[in-house]
Amino acid sequence: MASNKRLLVLPGDGIGPEVMGEVRRVIDWMDRRRSVSFDVAEDLVGGAAIEARGTPITEATVARAMDADAVLFGAVGGPQWDKLGFDMRPELAILTLRRELGLFANLRPAIVFDALVSASTLKPEVVQGLDLMIVRESTGGIYFGEPRGIETMPDGSRRGVNTEVYATHEIERVARVAFELARKRQSRVCSVEKANVMESGLLWRQTVTALQARAYPDVALSHMYADNCAMQLVRNPRQFDVIVTTNLFGDLLSDLASMLTGSLGMLPSATLGGAEAEGRRALYEPIHGSAPDIAGQGVANPLAQMLSFAMLLRYSFGLEADAALIERACADVLGAGLRTPDVMAPGCTRVGTTAMGDAVLRRLDELAA
Ligand code: IPM
Ligand code: MG
C-alpha cells in the first residue's frame, strides 16, 4: 500500500477511552495481519478537552480532523459538565466536527444480530433479521437554524427560539446518499418529515420526490410523517429499508430504532460529507453515549466502537472484505455466548470490556487463518 491511511482517534469521555482501547487493538491487528496500515493520531475532545484546555474542542483538533482521512470518535459528556452553557458543553465537540467538516449525512443502521434477538424488548418475530438504515441529515435543520437563542421580552418574561430551516441543496445531497445506499440494499427509501404541519417538511417532500423522479427512478420512494414513522418502527420495523429524514427527527427515530435491537452498545454510525469522488470526509462513532454510570469499571461493551471502525473501513476506504471480517468476528463472539452486562442473557458468559476485545481478536485470528 503506497501510503498509510491517516486516522484521527478521539476517545472523549466516560466509556469512550475504554472501548476505543479495544479498537486500537483491532487496528494493530489489521496492521499485522492485513494489507492495510494506519497512522493513528489521538486527541482530546469533550469534557476531557474542557479539563485540559478549557474548551470542548480546539481549532487545532478541528484542523487535524480536516486533515485526516477519517475520524473515529468515542463519546462525550458527563454529569460534571451538565451545567455549562451551550458554548461550553462537551456535546459541542461533535456538533462542531459535523459542522466544520460538513458531515451532512449521518448513517445509523439498526441491525438485529441473531444471537441477540431475545435482547430486544419487542417480540422475536417482529425484530428477527431486522436490518434498516436511517440516514439522518446532520448539519442543518433546527440544530443549526437561525434565529436561535433565549431572549427577554419587554414584560420581563423570556422566550426560547430555534428555527427549522432546510434549503433544497441540503435536502438533495442527503437524499442522494439515501438513494445510493438503497441501491446497494433493497432499493427502497422512505422519506420522513411533517409535511402536514411544517413548510420545511413540505419542501423536503417535494424535493425528494423530484430528485427520485429525475435521478433514481429505479428506487422505490415512499413518504411518511415522523409521528407515524415512530409508530411504524415499533409496530413493524422490517417494512423499512432506508429511512431518510431531518436532523431532529433522525435524532429521535434513530434512538428508537436502536432500541429495537436490544442494545445501544451494539450500534455503530457513520457521518459523511462531501462527494464520494472527492474523497469524502467522514467521522465514525458508536450510537451510545459516554455512559458515565459505568465508566471506569471495565464493563462497557466495545462492539459498537469496533463496528464503527468496520464502517470506517467500508465507507472511507472501500475495504469491504476487512469490514465484513470485523463484523463477522463481532457476531461470532456473541454467537459463542459471550456477553457484556448490557446484553447479558441467561445461559451466556458474562465478560468485561477487555475480555470481549480478547475474544474478538481471537476470532479474527481464526477467521484470517
Ligand atoms: C446524537 C446525540 C447528539 C445529537 C448530541 C450529543 C448533540 O444525541 O448523536 O444523536 O443530538 O445529535
Ligand atoms: Mg441522539
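Both counts, for ligands and for their atoms, begin at 1 and track the order of listing.
If you number the atoms of ligand 1 from 1 as listed, the ones under 4.0 Å from a heavy atom of R98 come out as 1 (C), 4 (C), 9 (O), 12 (O). Against a heavy-atom cut-off of under 4.0 Å, R136 is close to the following atoms of ligand 1: 1 (C), 4 (C), 9 (O), 10 (O), 11 (O), 12 (O).
Of all the listed residues (V76, L95, T271, D251), D251 holds the heavy atom that lies closest to atom 2 (C) of ligand 1. The nearest non-hydrogen atom to atom 9 (O) of ligand 1, considering only R108, H288, R89, comes from R108.
One finds no salt bridge joining R281 and E100 here, because no Lys/Arg side-chain nitrogen approaches an Asp/Glu carboxylate oxygen to under 4.0 Å. Comment: D365 does not engage R32 in a salt bridge, judged by the lack of any side-chain N to carboxylate O separation of less than 4.0 angstrom.
Within the 4.5 Å cutoff, no side-chain heavy atoms of E327 are placed close to those of F113. T340 has its side chain within reach of P302: a pair of non-hydrogen atoms, C-beta onward, lies under 4.5 Å apart. Using a 4.5 Å cut-off on side-chain heavy atoms (C-beta onward), Q206 and I171 make no contact.
Residue E285 has no nitrogen or oxygen atom sitting less than 3.5 Å from a nitrogen or oxygen atom of ligand 1, judged on distance alone.
Looking only at protein heavy atoms, the nearest one to atom 5 (C) of ligand 1 is E91 CG, 4.3 Å. Nearest protein heavy-atom contact of atom 4 (C) of ligand 1 is Y143 OH, 3.4 Å.
Residue side and main chain included, D255 places no N/O/S atom under 2.8 Å of the Mg ion (ligand 2).
Restricting D251 to its N/O/S atoms, the shortest distance to the Mg ion (ligand 2) is reached by OD1.
For the pairing with D322, the salt bridge (Lys or Arg N to Asp or Glu O under 4.0 Å) check across R34, R33, K5, R328 returns one residue only, R34.
The backbone N or O of N247 lies less than 3.5 Å from a partner atom in the side chain of R136, making a donor-acceptor pair.
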